There are 2 protein chains.
Amino acid sequence: MVVATAPVPANHHRDPDEQEYAVPSPTQSTNRTANRVARAERILDAAGDLLVSWGYAKITVEDVARRAGVGKGTVYLHFPTKEALFLVVLLRAQTAMIERTLEVLRQGPEGIWPSTLARTTALALHESPIIATVMKGRTETLGTFARAAAEYSTELVERRRTTAQTYFDVLRDHGLIRTDRPLGDQMYAYSSILTGFLVAEPLLGEQPASTPPSVEHHADVLADTIRATLGESDADDTLHVAWPKVTALFEDLARDARAEIDRYTHATRDT
Amino acid sequence: MVVATAPVPANHHRDPDEQEYAVPSPTQSTNRTANRVARAERILDAAGDLLVSWGYAKITVEDVARRAGVGKGTVYLHFPTKEALFLVVLLRAQTAMIERTLEVLRQGPEGIWPSTLARTTALALHESPIIATVMKGRTETLGTFARAAAEYSTELVERRRTTAQTYFDVLRDHGLIRTDRPLGDQMYAYSSILTGFLVAEPLLGEQPASTPPSVEHHADVLADTIRATLGESDADDTLHVAWPKVTALFEDLARDARAEIDRYTHATRDT
DNA sequence: TCCGTGACCGGATTCGAAATCTGGTCACGG
DNA sequence: CCGTGACCAGATTTCGAATCCGGTCACGGA
């Protein structure tokens with residue numbers, strides 16, 4: 001028998017008893033749908049974990065099922081296809097990020113500053129390997145899935161763009177950012193800057209070991225850049241006026257994102 | 001016979017008579033080394049053209065020779081190896097960019113503003129497909145060559161970093177940019193912003209067809225961002241003092257870059 | 001009755017040995 | 001003495017065989 005020379009990290013052996021998410025004993029009483037949801041979540045967690053460590057191509061639906069502690073067929077009771085499953089994994093991570101933004105927004109009106117938004121995004125990216133995977137190694141861990149993911153979620157991307165535009169519109173209307181530049185330019189600048197800080201993160205030759213981990217620090221520099229570029233300022237204390245509008249905007253987005261997830265969940269949908 | 005289904009663009013047939021750079025008649029009188037240099041340049045041009053349209057992997061040394069209108073062995077009289085040849089192609093493009101920066105620098109002291117520098121870089125990138133190739137599709141057109149390129153030119157990269165640091169140091173010393181932020185942060189911000197604008201260029205859903213080609217416009221937005229972030233200002237007219245220093249800095253860099261090219265040229269070097 | 005399961009199917013992917021290609025050399029010709 | 005292209009060996013591609021895995025479905029247990 002030839003030993004497989006797969007480039008799988010040594011610490012990721014495919015033992016059946018690797019199950020991180022063991023089935024929580026056969027509770028026979030509790031609500032049916034509750035169990036169902038919990039199981040779906042276990043499958044998604046398993047899929048997410050495997051995605052960041054193995055990459056889409058190497059993952060078998062059976063791997064996911066095994067790790068989730070369910071049968072292979074069960075996966076297909078929840079998701080119509082492997083693609084749909086991982087699409088939901090991605091959507092879920094994205095939604096989590098939107099909701100994280102919402103949390104910050106709800107904490108106080110300062111959350112609506114673009115600099116704060118960017119800062120939150122940068123920090124979230126360093127904690128959520130899934131999102132980081134999506135934004136960076138496009139063709140690395142996602143492989144053939146990248147195209148499918150891009151196609152399926154076209155409308156959500158467009159939805160995000162619209163939200164962003166309205167967001168900047170609100171900020172401009174309330175004099176919270178400079179209006180001597182076209183809105184399109186500001187959006188372009190914002191996304192470019194964010195992209196740059198996200199992808200350039202690990203680059204740049206090793207600095208002298210003065211700054212220890214500096215993830216937060218880099219996020220601060222990013223926030224500074226955004227602030228300087230957009231010229232954030234709250235002359236008339238309109239921050240409190242814009243606050244609920246922006247919050248509502250993102251709540252809408254979050255709702256739509258959640259709805260999008262449902263579209264690809266339960267395989268038991270008619271067609 | 002099976003027709004090759006290679007993904008080579010249809011307009012790039014490998015006819016031997018495709019030679020764009022025909023040998024300019026057998027001039028037998030003029031200086032020897034002049035001919036030699038001209039030939040080396042033809043080879044480099046051919047290699048560069050092929051690189052951007054075919055990618056490193058698909059190019060044959062014979063392809064390059066054919067297009068340059070020389071024999072295959074001749075290529076090896078000028079460059080010790082295929083890698084060295086393409087390394088010089090890259091170094092040459094990079095040097096061209098440095099020299100383009102120098103041109104702008106020599107035109108007037110305004111050239112030393114980081115915003116101008118970034119603007120020039122962005123514009124140059126859109127005209128030099130080679131550099132654009134290097135900065136963007138790292139693993140696309142460069143393929144296996146990417147690693148080699150990175151390794152060989154480690155010192156030049158470090159050299160660039162040092163130059164950049166000194167550059168920002170000079171600007172700070174003369175009060176041309178804000179000094180209330182650490183130098184490291186400013187360098188980090190500068191490179192991140194630049195990277196972001198360069199890679200995010202083609203992204204962002206189609207805007208309403210208001211702005212026609214907008215390459216220049218995008219470069220302007222980039223310049224604006226840099227300016228706002230670094231807080232460029234010339235309170236004491238020290239711009240003229242810093243000018244020669246910065247120019248000298250980049251002239252040194254250009255000289256070193258040219259020297260680096262020579263290191264990999266003429267195959268007739270001892271070892 | 002209904003949910004979960006895993007054996008099973010066929011298309012897709014991988015593997016590997018044979019065939020082809022290509023980077024680099026070198027003897028020769030101009 | 002410079003340039004050339006036939007030539008060599010190692011690397012890469014090809015292509016059919018073997019394997020794998022996404023998706024289905026008949027069955028068994030609750």
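These figures come from a predicted structure and were not determined experimentally. Throughout, a chain's letter reflects where its sequence line sits, starting with A, and its residues are numbered from 1.
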Quiz item: What is the distance, rounded to the nearest whole Å, between atom NZ of B/Lys58 and atom P of C/dT22?
Solution: 11 Å
Quiz prompt | Nearest-Å distance for atom pair CZ/P, residues B/Phe86 and C/dT22 | solution = 13 Å
Quiz item: Should B/Arg100 and B/Glu103 count as an ion pair when the cut-off is N to O under 4.0 Å?
Solution: no
Exercise. Sort out for me which residue in A/Arg255, A/Arg159, A/Glu155, A/Gln94 forms a side chain to side chain contact (heavy atoms under 4.5 Å, CB included) with A/Glu260.
Key: A/Glu155
Self-check item: Gap between atoms CG and P, on A/Leu85 and D/dG22 respectively (whole Å)
Solution: 10 Å
Exercise. For the side chain of A/Val61, starting at C-beta, report the closest nucleotide among D/dT4, C/dG23, D/dG22.
Key: D/dG22
Quiz item: Got a donor-acceptor pair under 3.5 Å from the side chain of A/Lys72 to the base of D/dG22?
Solution: yes
Practice problem: Could you please name the partner base of D/dA30, counting Watson-Crick and G-U wobble pairs only when both distances are under 3.5 Å? | Solution: C/dT1
Exercise. Grab the CD1-P distance between B/Ile59 and C/dG24 for me, whole Å please.
Key: 14 Å
Quiz item: Whom does C/dG23 pair with, Watson-Crick or G-U wobble, provided both distances fall under 3.5 Å?
Solution: D/dC8
Quiz prompt | Given C/dG23, D/dG23, D/dC21, the nucleotide with the shortest approach to the side chain of A/Thr81 | solution = D/dG23
Quiz item: Between A/Glu62 (CD) and C/dT5 (P), how many Å, whole number?
Solution: 12 Å
Practice problem: Using atom CG of A/Leu77 as one end and atom P of D/dC25 as the other, report the distance to the nearest whole Å. | Solution: 13 Å
Quiz item: Between A/Trp54 and A/Asp63, which heavy-atom pair has the shortest distance, and what is it?
Solution: CZ3-OD2, 3.3 Å
Quiz item: What nucleotide, of D/dG22, C/dG23, D/dT4, holds the atom closest to the side chain of A/Tyr76?
Solution: D/dG22
Quiz item: Which one, D/dG3, C/dG24, C/dT22, comes nearest to the side chain of B/Arg39?
Solution: D/dG3
Practice problem: Grab the OH-C1' distance between B/Tyr56 and C/dT22 for me, whole Å please. | Solution: 11 Å
Quiz item: So, A/Asp45 and A/Arg92, do they make that salt bridge, N to O below 4.0 Å?
Solution: yes
Quiz item: What's the CG-C1' distance between B/Asp63 and C/dG23, to the nearest Å?
Solution: 12 Å
Practice problem: Could you tell me whether the phosphate oxygens of D/dG3, OP1 or OP2, come under 4.0 Å of any side-chain nitrogen or oxygen in B/Thr74? | Solution: no
Quiz item: What pair of heavy atoms forms the shortest contact from B/Tyr56 to B/Leu142, and how long is it?
Solution: CB-O, 3.4 Å
